[in-house]
Amino acid sequence: MKHNTDYILQKAISSHNLHEEEILYLLKAKDTKKLTSFADMVRKKYVGNEVHLRALIEFSNYCKQNCLYCGLQRTNVKLERYRIKEQDIVNLAKQAKDFGYKTVVLQSGEDDYYNVNKMTYIISEIKKLDIAITLSIGEKTFDEYKAYKEAGADRYLLRIETTDEVLYNKLDPDMSLKNRMICLGNIKKLGFEVGSGIMVGLPGQTFESIAKDIVYLKSIPVDMAGIGPFIYNPDTFLQFKSIHQYDNFDLSLKVMAILRLIMPDINIPATTAMETLNHNGRLIALQSGANVVMPNATEAIYRKKYEIYPGKICLNDSPGHCRACIENKINSIGRFVSKSKGFHNPYVTI
Ligand code: 5AD
Ligand code: FES
């Protein structure tokens, strides 16, 4: 195998296939710019200049899990908990539609208060608005996922976080990598568009394990891959910092770019965590392979409490402000906001 950046990038753009060792080589290579500019080229060819917006509604910060890195972990007593009422969630979705969003993402901690009855009510009410619905509410049973699909949910986001089993067991006590993979399999089987992804720069994570994560995401294969840098949260039990947060930003860009090269037509969001580490983070991500942004559509009173990690952006902003802000930013780099629901359209060559 030839290990040389130019050779690997040429191979990637002609075949959209890379071996795990080639992915590893790109992750470790010094030159991020060359990789991201190839990804930007591939993005333009396969998914164009349009950017899909997804309105993020963070409807509950209760969580029964205890992931060491996450501020919503159940043992974080510093966090003031909230739940948005069912009808108010529907109203937020209505407002999002009025702002021109074509998709809402309903996200929460793993909160059993929202049982199947409540969730199917919320989903079916929002469905009447003729917008796409993405759920990001964690691990559920096959039957629960099925009920949500039948009620009208279109997509499901469940990040694998890491495929390194030792690391997974350390960071996600009481959970198992195997069950998470089963959940993703069920989501796929039920016909949801599958969104998954990882955190980059977790303490104890290696380049080798990230290369395996990328291979795993392609093997599903995902319709959407969300990549976010790990950001240390002092209110969590993960009492050690990753090496350099700036590196997490750079490495996240590389992971996103590689995903674009090997899955050229999928949706890749420029994540909020990228903007936390760099004030232009989302635009840089959009120029490194990403084609989606998920602006916050939750009211400001709740935003501060959805503190997965510190320094989250837009904490004092209203849904309307974020909608206008992001469109201006997107236009400033010669891209435009899509008018479609932004489903994953496999690219067909004629
Ligand atoms: N830093 C960055 N991202 C985090 N997430 C959880 N905790 C952190 C953190 N400390 C991510 C996880 C989860 C998503 C909603 O937020 O990947 O899936
Ligand atoms: Fe919220 Fe810019 S996206 S202020």
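We number each residue from 1, following the sequence as shown. We count ligands from 1, going down the list as the structure has it; atoms in each ligand are counted the same way.
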Exercise. Does a salt bridge link K304 with E307, judged by any charged N lying under 4.0 Å from a carboxylate O?
Worked result: no

For this session: Pick one of side chain, backbone, both or neither for how F230 approaches ligand 1, counting any non-hydrogen atom pair under 4.0 Å.
Result: both

Seminar exercise, completed: Of A273, P229, P310, the one whose closest heavy atom lies nearest atom 2 (C) of ligand 1 is P229

Exercise. Is the closest side-chain donor-acceptor distance between N291 and R335 under 3.5 Å?
Worked result: no

Seminar exercise, completed: Looking only at protein heavy atoms, what sits closest to atom 11 (C) of ligand 1 is R159 NH1, 3.6 Å

Exercise. In the protein, what heavy atom is nearest to atom 18 (O) of ligand 1, and what distance, to one decimal place, separates them?
Worked result: E161 OE2, 2.6 Å

Exercise. Under 6.0 Å between ring centres, would you say that holds for Y148 and Y156?
Worked result: no

Exercise. What's the shortest distance from atom 1 (N) of ligand 1 to any protein heavy atom, and which residue and atom give it?
Worked result: I231 N, 2.9 Å

Problem set entry | N/O separation below 3.5 Å, Y232 to ligand 1 | no

Exercise. At a 4.0 Å cut-off, with the gap strictly under it, does some heavy atom of I308 reach an atom of ligand 1?
Worked result: yes

For this session: Mark up the atoms of ligand 1 that fall under 4.0 Å of a heavy atom belonging to C70, in ascending order.
Result: 6 (C), 7 (N)

Exercise. Does NZ belonging to K118 count more than 12 external heavy atoms closer than 6.0 Å?
Worked result: yes

Problem set entry | Residue, atom name and distance, where the atom is the protein heavy atom closest to atom 4 (C) of ligand 1 | M199 SD, 3.4 Å

Problem set entry | Given H344, R155, K188, the one that forms side chain to side chain donor-acceptor pair (under 3.5 Å) with E193 | R155

Exercise. Within a reach of under 6.0 Å around NZ of K146, are more than 12 heavy atoms found that belong to other residues, nucleotides or ligands?
Worked result: no

For this session: Go through the side-chain N and O atoms of T298 and N296 and say whether any donor and acceptor fall under 3.5 Å apart.
Result: yes

